[in-house]
Amino acid sequence: MSEVSKEYNFSQVEEKWVQSWDSSIYHFDWDSKKPQYIIDTPPPYPTGDFHIGNALNWCYIDYVARYKRMRGYNVMFPQGWDCHGLPTEVKVEQLNHITKNQVSREEFRRLCEKLTFEAIDRFHLSMGRLGLSIDWSNEYVTMKPEYYVKTQTSFVRMYQNGQIYRANHPVNWCPRCGTAIAFAEVEYDSRTTTLNYMRFSAQDGEMQIATSRPELLPACVAVAVNPDDGRYRKYIGKKVTVPIFNYEVPVLADPVVDTSFGTGIVMICTFGDRQDVRWWMEHHLPLRQAIDRGGLLTAIAGPYAGLDVTQAKNRITQDMINEGIIFKQEPLEQNVGLCWRCKTPIEILSELQWFVKINSEEIKKTAEEIDWVPPHMQVRLKNWADSVEWDWCISRQRIFATPIPVWYCRACGQVLVAREEWLPLDPNQTQPSEKCKCGSIDFVPEQDVLDTWMDSSISALAVAGWPNRKDIRMPTQLRPQGHDIIRTWAFYTILRTKSLEGVKPWDTILVNGMALGEDGHKMSKSLNNFIRPEEVFLTNGADALRQWGAMGGSPGNDIMFQWKEITAASRFQQKLWSIYRFSLPLIAKVDAVPGQVDRWLLGELDSLIMKATSAMDAFQFDETMKAIRGFAWEVLADNYIELVKARLYGPDGPEKRAAQNTLYTALETLSKLMAPFTPFISEEIHHTLTGKSVHVQSWPMPSGTPVDPAGLAIKEIAAALRRYKAEKGMALNSPLPGIVVYSDQALETIDLIGVANSQVDSRTGSPLIEMKPIAIRPQMKIIGPRFKDKSGKIIKALSAMDPVLVAGQKANGSIAVPVDGEIIEVPAEAAEIVVESLSAGEAVDVLRLEKATVLVRR
RNA sequence: AGGCAUAUGGUCGAGUGGUAUAAGACACCUGUUUUACAAAUAGGAAAUCAGUGGUUCGAAUCCACUUAUGCCUACCA
């Protein structure tokens, strides 16, 4: 055997295996007869860094993938890249000092692709270094035609099924960027604005209305009051006149109106905010669009047309003050919706856009068919589904995204959606190969592109072989993701999979928490609590980081990054390495009959395997790792190895071989159990022992060896003797004058003699020591359910009885307890007797253990 | 403002109805060099389980309310 270094050199070992592993063992086999286990891996947005949060997500996936592989599944752990999106466009503009309109669409797209490919390369490096068992034969890149043909196909099919339509609909609009944006792209900032009190003239008098956006006055389509508000009841159903613009709008009643805000009367405009949209739809109000795509006021704003929002606000406010229409102003703390990119206040405009129909009920129903880990995460999806008010706007006014495969006939305006067999295509570069119904061949291409979620929401379908394979592998088995994107990625994926194939996308969704910094806040550069995985790779290695991911917390809970966890992980690896270093020259894989102590260890190993298996099946990685650490450290190192050292160092013989073989088995099994968590050190150990890779091995099965009670007793005696010596201030290897152990079993003494460095006599039975009952422990579990509300009194009375008397009665099967002058018979199990041993006057120390009594001569 | 979650020793964190030892880790204190490991080992101190009320024979555990924190969503005409 080669030299094993005293210290575990994680970087040498990890780098070695990163270099030499054959990644083809992780490839999914489309022809396999094994049960499939397909993971719908999140496709990250590659512009950015691979941070600790990513690392955590991918660790979770890798634990599962490796475990399932070892359990005999045909596992697919694919990796995709969600490329399209605004951040990349912005970055390209910054890096090249251009705006996207200064170069052609094709050129701009090319620049975005280049940046994205570079970013993907960086991710590849980090992911490899983390030891992820990704199946790179199933990699997908959403910006490549091979992938976006699927996005376009899904668009065409959903259009044909009537699930996609084009319509005028309110959208969030950034006037500066000139594009519709999703709710997720709106951020809020609190600002102080002005609340203006205005007079509207009504048929019977005057209505006073407060608004922070007087410039939307020409977009006013109604005013609303609360039906329960006695002040304004008389106006309901009547008309009022909009000042300055002089047209009449109805007065509506709506319970949502807050009677205590402002005057209790609301001006409904198209559109000031989301509530306006709700009212507009609910009450079927007309549309008066006062702001255009550029953020300028339209012709209906009369004298204010052509002004931008701020100018218009100032002018109209001043005019109304001058005319006495505004009679009061007060400051208002208000959260304003901003474009997250350019911080321009957004407007809600009605635009001709493409939409996907949202059927919340169907999504909720499908969500119920999926196993949520942890279960309460499903509630988040349901709440979101219930709060969705508009259909999903999927068109974006951008460049770097999947093109919408649609043209419009210049002659008659007819919409022409591409045929599936024409895809992939960009309508800006390709003309349709058929005429319009009107006979024209002159088409205008759709310039809008698809929302990025249209790409990523078919990830499950894409990895399962949709749409080309005859045997689409739906549903997939697992969706791992963070809880921050339940409302988007999970929601849209369920929607699309159900729409396109009528099935749920996954059997199980595993939701992991967010990675928090050491200060307990979400990791961010601005808080300076940001840790890069590379930092940990350098200081403690990937295995240590992976252990943190497993130990840090249970699924769904946020997990704090802590260096001390990393340190603890490293220490464990060092401990394991020490065990390995000690064992390697001594162990052997030989046939041998295990002794009592060996059978104890093998029994403990069995229960570790069973514990680890059930915890892994429930995605309880923390439980699994904890059990492994506990076994390796306390059971194996502190007890078993100490016990069998004498045998291992001793002459060859059946006893030595038994220890050699048992230790070998324990190490080999440990390397397998740890392989999903710490692939590097596990591989190093396993490979040295067997010459094979641990990552193609099967998950260990219990050998069926029960814990040998005699072996357990020996282990406890050894621990007691160690404690005894420590308390006496003796060196642990100093001999004792003589030891006699009493037990029900005939205990083997070979290991005890070695570990105590003393003569040991083993006898069956008990020593001549008087055992005196001194206390009674009532058993709540027995008494409670049987005696209910009397339990309290019985316990009190029982505890007060003479322990000697109770011990005698217990031996006879039942105990008579006097309660309130009445005798109640309680079963023998209702009381445990505490006994004290009285020394027989010999010069011995008595160590009383559960399964044995040890006399140590002084 | 709404939804969901969380609250356990100095710190982190298991435990989800059953005994007066509430796991473990880190930190702290004390002993010990024992032919793998002092980043070890043997031991110790340290928690009225956020508060109040309730259900129960019995509550860290279930329920209600309160307080604090986190996340998600919304934000005001």
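Computed over heavy atoms, backbone and side chain alike; hydrogens, waters and symmetry mates excluded.
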Checking B:U35, B:C71, B:A39 against the side chain of A:R380 (C-beta onward), the nearest is B:C71
Partner of B:C28 under the Watson-Crick or G-U wobble criteria, both distances under 3.5 Å, comes out as B:G44
On the 0 to 90° scale, with breaks at 30° and 60°, tag the A:F619-A:F621 ring pair as parallel, tilted or perpendicular.
perpendicular
Taken to the nearest whole Å, CD1/A:I566 to C1'/B:A25 is 14 Å
Problem - Electrostatic pair A:K382-A:E368, nearest N-O below 4.0 angstrom - result: yes
Here the distance between atom C1' of B:A25 and atom CD of A:E634, to the nearest Å, is 11 Å
Taking A:S734 for its side chain and A:M730 for its backbone only, find out whether a donor-acceptor pair lies under 3.5 Å. no
A:S212 has its side chain closest, among B:C76, B:C4, B:U41, to B:C76
- Item | Same-atom distance (P) from B:U6 to B:G10, integer angstrom | 23 Å
Rounded to whole Å, the CD-P distance (A:Q574 to B:A36) equals 14 Å
query = Considering only the C1' atoms, how many Å lie between B:A1 and B:A25, rounded to the nearest integer?
reply = 41 Å
Taking the same atom, C1', in B:A23 and in B:U66, what whole-Å distance lies between them? 31 Å
query: Taking atom C1' in both B:C65 and B:C57, what distance in whole Å separates the two?
result: 26 Å
Pairing of A:E604 and A:K611 as salt bridge, 4.0 angstrom limit:
no
ask   = Honestly, is A:K645 close enough over A:F582, meaning NZ or CZ under 6.0 Å from the six-membered ring centre and within 45° of the axis?
value = yes
Assign each of A:G264 and A:S578 the nucleotide of RNA chain B bearing its closest heavy atom; nearer the 5' end lies the nucleotide of A:S578
Taking B:U35, B:A39, B:A14 as options, the one with an atom nearest any side-chain atom of A:R571 is B:A39
In short, A:F200 meets A:L217 closest at the heavy-atom pair CZ-CD1, 3.7 Å
If pairing means Watson-Crick or G-U wobble with both distances under 3.5 Å, then the partner of B:U55 is none
Paired to B:A14 by Watson-Crick or G-U wobble criteria (both distances under 3.5 Å) is none
Of the listed B:A36, B:C12, B:A5, the closest approach to the A:A637 side chain comes from B:A36
Would you mind classifying the nucleic acid contact of A:I268 as base, sugar-phosphate or nothing, using non-hydrogen atoms under 4.0 angstrom?
nothing
When rounded to whole Å, the CZ to P distance for the pair A:R786 and B:G18 reads 19 Å
Check: Given B:C26, is OP1 or OP2 found less than 4.0 Å from the side-chain N or O atoms of A:W563?
Finding: no
Checklist line | Whole-Å C1' distance, B:G44 and B:G51 | finding: 32 Å
To the nearest angstrom, the CD1-P distance between A:I559 and B:G70 comes to 19 Å
In whole angstroms, the gap separating P of B:C75 from CD1 of A:I348 amounts to 8 Å
P spacing across the pair B:U8 / B:A50, given as an integer number of angstrom = 6 Å
Query raised in the report: Is any side-chain N or O of A:K728 closer than 4.0 Å to OP1 or OP2 of B:A42?
Result: no
Among B:A42, B:G13, B:A36, the one nearest any side-chain atom of A:M560 is B:G13
Check your understanding: Taking the side chain as C-beta and beyond, is there a heavy-atom pair between A:N512 and A:Q481 under 4.5 Å?
Key -> no
Using Watson-Crick geometry (N1-N3 plus N6-O4 or O6-N4) or G-U wobble (N1-O2, O6-N3), each under 3.5 Å, B:A60 is paired with none
Side-chain contact check for A:D638: nearest option of B:C76, B:C37, B:A42 is B:A42
- Take atom P in B:G15 and the same atom in B:A74, then report the distance between them in whole Å. 33 Å
Note: A:L736 and A:S758 closest approach over all heavy atoms is N-OG, 2.8 Å
Ranking A:T567 and A:C269 by the position along RNA chain B of their nearest nucleotide, the one closer to 5' is A:T567
A:N512 CG to B:G70 P, in whole Å, measures 20 Å
Which whole number of Å gives the distance between the C1' atom of B:U30 and that of B:A36? 26 Å
Please confirm whether any donor atom in the side chain of A:E642 sits under 3.5 Å from an acceptor in the base of B:A36, or the reverse. yes
Considering only heavy side-chain atoms of A:K575, the closest of B:C37, B:C72, B:A39 is B:C37
message: Students often get this wrong, so: under 4.0 angstrom with heavy atoms, is A:K645 touching a base, only sugar-phosphate, or nothing?
response: base
Pairing partner of B:A7, by Watson-Crick or G-U wobble and under 3.5 Å for both distances, is B:U67
A:N383 atom CG is separated from B:G3 atom C1', nearest whole Å, by 5 Å
Of the listed B:A25, B:C76, B:A36, the closest approach to the A:K564 side chain comes from B:A25
